[in-house]
Amino acid sequence: MRIATWNVNSINARLENVLAWFEAASPDVAALQELKCIDEKFPTEAFERLGYNVAVHGQKTYNGVALLSKTPMEDVTRGLPEGDGDDHARYIEAVTGGTTPCRVASIYLPNGNPIGTEKFAYKLAWFARLRKHAQGLLALEEPLALVGDYNAIPGPEDADKPEDWLGDALFQPESRAAWRALKNLGLTDAYEQVDGRAGGYTFWDYQAGAWQRNHGIRIDHALLSPQAADRLRSVTIHRDVRATEKPSDHVPVVFELDL
DNA sequence: ATGGTAGACCTTCTA
């Protein structure tokens, strides 16, 4: 089973680019983030024509996440528990796959900038809620892949110019600690396990020629339960997509599991 | 030190 994650930065502005990639890469399951549209505006039919089942948790203008799968999805859940008035569409989860199904979540963690504001507090609170939910999921002892845009740079080796990110919410000690605390429940960072090399970036800003200068960061991740991590075969960052016509600022990452 | 880009939408916010 090949599971992809991709922050598309508006599914409708990106549709041609996204569909071209899906036709070429043909992932079994895909988690999309930053749809920037409500459910009704999601191009469901276009993905159905490519053979996908579609589950969307959309929102007007901002956020929005989706799961696409070639096999039917069961147990579809939208939003994290204990939302307490949180109306951001940042989480969708489902169980899908063939003989050995996998529980997959599409995650769009809050950016949290600027630091020292309620936005940064919201990011940390969201991280804590995700951790609590992940704890419950791990108790199921089944293949689990929590994939998406975590808006977290795990370490200095995950940025081309770490010094540029010192004041940014993505690289604050609190953000990195929240990432570690989630991982330390017993989850595996798929990239770290199969390819610990520096330079595996997944995001390059549109501004200041970041792509041309390779000023990238690694913020799109897969955290795997032991039952999934034991079956991890490869991780592929599709960085060429960043050089295509009208690209997202994030590129797709594909995780291949022997499931 | 600043400004640089992209998307949604209506004027400024988010990233």
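Values below: every heavy atom of this structure, side chains too, minus hydrogens, waters and symmetry copies. By convention in this document, chain letters (A, B, ...) are assigned in the order of the sequence lines, proteins followed by strands, and residues within each chain are numbered from 1.
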Separation of [N] [atom2] from [X] [atom1] (nearest whole Å):
{"X": "A:His250", "N": "B:dT14", "atom1": "NE2", "atom2": "C1'", "result": "12 Å"}
{"X": "A:Lys60", "N": "B:dG7", "atom1": "NZ", "atom2": "P", "result": "18 Å"}
{"X": "A:Lys123", "N": "B:dA15", "atom1": "NZ", "atom2": "P", "result": "9 Å"}
{"X": "A:Asn63", "N": "B:dG7", "atom1": "CG", "atom2": "P", "result": "17 Å"}
{"X": "A:Asp87", "N": "B:dT14", "atom1": "CG", "atom2": "P", "result": "12 Å"}
{"X": "A:Glu245", "N": "B:dA6", "atom1": "CD", "atom2": "P", "result": "11 Å"}
{"X": "A:Tyr122", "N": "B:dT14", "atom1": "OH", "atom2": "P", "result": "12 Å"}
{"X": "A:Arg90", "N": "B:dT14", "atom1": "CZ", "atom2": "C1'", "result": "10 Å"}

Inset, instruction - Using a heavy-atom cut-off of under 4.0 Å over every strand shown, decide if A:Tyr108 touches base, sugar-phosphate, or nothing. - result: sugar-phosphate
Inset, instruction - Report which part of the nucleic acid A:Lys246 touches: base, sugar-phosphate, or nothing (heavy-atom distance under 4.0 Å, all strands). - result: sugar-phosphate
Inset, instruction - Sequence neighbours left out, what pairs pass side-chain hydrogen bond (donor to acceptor under 3.5 Å, both in side chains) with at least one residue falling in residues 46-66 of chain A? - result: A:Gln59-A:Asn63, A:Asn63-A:Arg90
Using atom types as modelled, flag every donor-acceptor pair under 3.5 Å from a side chain in residues 135-147 of chain A to any protein atom, sequence neighbours excluded.
unit_1, atom_1, unit_2, atom_2, d
A:Glu142, OE2, A:Arg103, NE, 2.6
A:Glu142, OE2, A:Arg103, NH2, 3.2

Legend entry - Matching residue for A:Gln33 among A:Asn151, A:Asp220, A:Thr5 - test: side chain to side chain donor-acceptor pair (under 3.5 Å): A:Thr5
Legend entry - Of the listed nucleotides B:dG7, B:dG3, B:dA15, the one nearest the side chain of A:Asn9: B:dG7
Inset, instruction - Could you work out which one of B:dA8, B:dA6, B:dA15 sits closest to the side chain of A:Ser10? - result: B:dA8
Inset, instruction - Between B:dA15 and B:dG4, how far apart are the C1' atoms? Round to whole Å, please. - result: 14 Å
Inset, instruction - Sticking with atom P, work out how far B:dC10 lies from B:dT14, rounded to a whole angstrom. - result: 14 Å
Inset, instruction - Please tell me which of A:Asp249 and A:Ala13 maps to the more 5' nucleotide of DNA chain B, matching each residue to the nucleotide holding its nearest heavy atom. - result: A:Ala13
Inset, instruction - Name the residue closer to the 5' end of DNA chain B, choosing between A:Arg14 and A:Asn111 according to the nucleotide with the nearest heavy atom. - result: A:Arg14
Inset, instruction - Find out if a path of hydrophobic residues (ILVMFWY) with successive side-chain heavy-atom gaps under 4.5 Å connects A:Phe255 to A:Leu67. - result: yes
Inset, instruction - State, yes or no, whether a side-chain contact exists between A:Phe171 and A:Arg176 at a heavy-atom distance under 4.5 Å. - result: yes
